[in-house]
Undergrad: 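The structure that follows is given in the form of structure tokens.
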Protein chains: 2
Amino acid sequence: MPGRPRTTRRATHSLDQIVDTAIAMLDRDGTSGLTLRGLAAELGGGLGSIYWYVAGKAELLDLACDTLIGRALTADDAPMPPMEVELDTDDAVVLEAAATVRRISLALFAQMDEHPWLAAQSRLGGADRPNALRVWEQVGRALAAMGLSPRQQFHGSTAITGYVVGVAAEMSAQDDAVDPTLSQEEQLDRIVERWQGEAYDDLPWIRSMADQFRRHDDLAQFAAGLDLLVLGLVRQAVSPGRPRRPARG
Amino acid sequence: MPGRPRTTRRATHSLDQIVDTAIAMLDRDGTSGLTLRGLAAELGGGLGSIYWYVAGKAELLDLACDTLIGRALTADDAPMPPMEVELDTDDAVVLEAAATVRRISLALFAQMDEHPWLAAQSRLGGADRPNALRVWEQVGRALAAMGLSPRQQFHGSTAITGYVVGVAAEMSAQDDAVDPTLSQEEQLDRIVERWQGEAYDDLPWIRSMADQFRRHDDLAQFAAGLDLLVLGLVRQAVSPGRPRRPARG
DNA sequence: ACCTGAACACCGTTCAAGT
DNA sequence: ACCTGAACACCGTTCAAGT
């Protein structure tokens with residue numbers, strides 16, 4: 001790994017500028033559309049100079065991902081749809097922890113919704129992604145505050161992070177699959193049309209979902225499954241017959 | 001899309017052979033290690049002949065993925081860890097549907113565990129993946145049999161499929177991140193060691209998970225989160241105040 | 001300390017030519 | 001109908017040479 005610039009004396013680039021431009025290119029052209037040559041051209045510099053700032057394309061992608069995950073960590077404007085399931089407890093600490101898990105997950109989803117290439121790149125585990133680790137930390141702390149056992153904390157944190165990345169990736173891939181020149185409306189029509197073909201004759205359930213699919217909302221869909229997980233975690237936390245959570249602090 | 005071979009008269013290749021060899025290469029070398037030149041060499045033929053069977057690398061990957069998903073659909077040897085949560089209902093139809101969702105999910109996970117490149121490629125939605133669509137269909141039918149509303153079926157099916165792909169992808173990525181020449185034991189040690197470094201000084205929760213992580217089991221971890229989702233779906237199905245599910249048949 | 005661009009070793013894809 | 005391999009248009013990465 002090359003050194004990061006300590007002084008900006010003669011630099012015409014900066015790491016931040018490179019990463020920001022890379023993110024803009026990724027948003028426009030997708031992961032395979034990000035090219036080091038293209039990036040150099042966009043930056044108005046030579047191809048090789050990028051290598052003074054990052055070790056290669058993989059590290060550049062790591063940085064781009066972690067930058068956006070970092071924005072999710074500090075975002076306070078992520079949409080927060082109301083919970084549709086009853087958590088069925090009045091334990092304020094548990095409820096607050098559940099709200100924290102929801103808030104982080106929804107903020108992550110908002111970034112992955114805005115940047116359709118992100119979910120597929122998001123190894124939230126794995127080192128050299130400091131902000132991803134911070135996501136894990138915050139989810140884990142919330143589950144600990146709920147009073148879950150260490151084992152439940154461990155399993156619960158991977159369930160939440162896996163769910164977020166997986167559902168976002170599926171949704172992003174679905175959007176990629178259709179002609180992007182069409183309107184949102186027409187894309188949905190095109191897919192539902194395909195479901196009427198004879199290839200789907202033995203997939204009646206998918207066909208029956210045409211109505212749901214036509215008026216579906218990615219955010220509501222994401223939140224619905226998330227809340228199933230949150231509900232399950234809260235049930236574990238308040239289930240009788242288990243030792244109470246330790247006092248905080 | 002080129003035609004598929006109707007006769008095998010003079011063919012030295014077949015589509016099945018190409019896909020199977022590609023899967024073997026993917027297992028050995030990963031997604032970026034699968035090369036059309038390498039594949040041609042392994043098949044003992046020319047580079048161009050592959051293009052008579054598949055339109056390109058993307059279609060080859062689609063076929064490889066869908067082949068393995070198809071194996072998950074017919075597998076009856078996938079490990080089935082017992083449920084650790086109480087479903088708290090004796091409705092036989094609901095319990096059977098829950099078992100079906102669990103069985104499909106665990107069979108998919110088994111494939112993704114065995115083929116670490118699979119999860120990252122798995123757009124389960126999206127057409128031109130017939131077996132993936134069949135997974136969706138089967139999960140959806142089970143949720144319908146539970147008596148969930150169409151909206152709950154729709155949200156539930158994306159939650160399950162998203163969870164499976166997401167958790168499997170995270171676990172596969174984690175395994176990639178460490179030196180594969182080391183033993184399983186040593187890889188875990190290496191990661192936990194890193195957690196003791198000062199970079200993790202403000203990530204105390206992650207550090208506290210060292211014990212859990214050292215003796216973790218991917219399958220148990222996957223099943224634990226899956227069961228949270230299944231529990232949530234069953235709660236929705238049996239919650240009072242909703243119209244009963246229609247009789248079957 | 002930071003930048004440049006030619007050079008290298010690869011890719012996936014195409015296609016005229018074969019059998 | 002099926003196969004071949006040279007040719008093309010790209011990649012990411014390296015590195016000697018610049019300022």
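Chain identifiers are assigned alphabetically (A, B, ...) following the order of the sequence lines, protein sequences preceding nucleic acid strands; residue numbering begins at 1 within each chain.
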Undergrad: Can you check the B:Leu47 CG to D:dC3 C1' distance for me, whole Å?
TA: 11 Å

Undergrad: Would you call A:Asp202 and B:Arg134 a salt bridge, using N to O less than 4.0 angstrom?
TA: no

Undergrad: Output yes when B:Arg141 and B:Glu137 qualify as a salt bridge under the 4.0 Å nitrogen-oxygen rule, no when they do not.
TA: yes

Undergrad: May I ask you to verify if any side-chain N or O of A:Ser49 is less than 4.0 angstrom from the OP1 or OP2 atom of C:dT4?
TA: yes

Undergrad: Give me the distance, rounded to whole Å, that separates C:dA17 from D:dC2 when you measure between the P atoms they each carry.
TA: 22 Å

Undergrad: Between B:Val101 and B:Leu143, is the side chain to side chain contact (heavy atoms under 4.5 Å, CB included) condition met? List the steps.
TA: CA-CA 8 Å; B:Val101 170; B:Leu143 300 184; 4.1 Å; yes

Undergrad: So B:Leu34, base contact, sugar-phosphate only, or nothing? Heavy-atom distance under 4.0 Å.
TA: sugar-phosphate

Undergrad: So, is B:Tyr51 close to the C:dG12 phosphate, meaning a side-chain N or O under 4.0 Å from OP1 or OP2?
TA: no

Undergrad: Is the CZ atom of B:Arg214 crowded by more than 12 outside heavy atoms at less than 6.0 Å?
TA: yes

Undergrad: Figure out the CG/C1' separation between B:Leu61 and C:dG12, and round it to whole Å.
TA: 12 Å

Undergrad: Counting the atoms with a prime plus P, OP1 and OP2 as sugar-phosphate, which does B:Gly48 contact under 4.0 Å by heavy atoms, base, sugar-phosphate, or nothing?
TA: base

Undergrad: CG of A:Leu36 versus P of C:dG5: gap in Å, rounded?
TA: 15 Å

Undergrad: Does any non-hydrogen side-chain atom of A:Ile69 lie less than 4.5 Å from one of A:Leu108?
TA: yes

Undergrad: Between B:His13 (NE2) and D:dC2 (C1'), how many Å, whole number?
TA: 10 Å

Undergrad: How would you list all residue pairs meeting side chain to side chain donor-acceptor pair (under 3.5 Å) that involve residues 22-46 of chain B, not counting sequence neighbours?
TA: B:Asp27-B:His115, B:Asp27-B:Trp117, B:Arg28-B:Glu42

Undergrad: Going from CD on A:Gln153 to CD on B:Gln212, what distance comes out if it is rounded to the nearest 0.5 angstrom?
TA: 8.0 Å

Undergrad: How is the base pairing of DNA chain D summarised as a dot-bracket string, given the Watson-Crick and G-U wobble criteria with both distances under 3.5 Å, [ ] for crossing and | for another strand?
TA: ||.|||||...|||||.||

Undergrad: Between A:Leu60 (CG) and D:dT13 (C1'), how many Å, whole number?
TA: 14 Å

Undergrad: Kindly point out which of D:dC2, D:dA6, C:dC11 is positioned nearest to the side chain of B:Trp52?
TA: D:dC2

Undergrad: Write down the distance between CG (A:Asp29) and C1' (D:dC11), rounded to a whole number of angstrom.
TA: 15 Å

Undergrad: Using atom CG of A:Leu39 as one end and atom P of D:dC10 as the other, report the distance to the nearest whole Å.
TA: 18 Å

Undergrad: Across the strands shown, which category fits A:Ile50 at heavy-atom distances under 4.0 angstrom: base, sugar-phosphate, nothing?
TA: nothing

Undergrad: Between A:Gly45 and A:Arg37, which has a closest nucleotide on DNA chain C that is more 5'?
TA: A:Gly45

Undergrad: Considering just the side-chain nitrogens and oxygens of B:Tyr53, establish if one lies under 4.0 Å of OP1 or OP2 belonging to D:dC3.
TA: yes

Undergrad: Nearest-nucleotide wise, let me know which of A:Gly46 and B:Gly56 is further upstream toward the 5' end of DNA chain C.
TA: A:Gly46

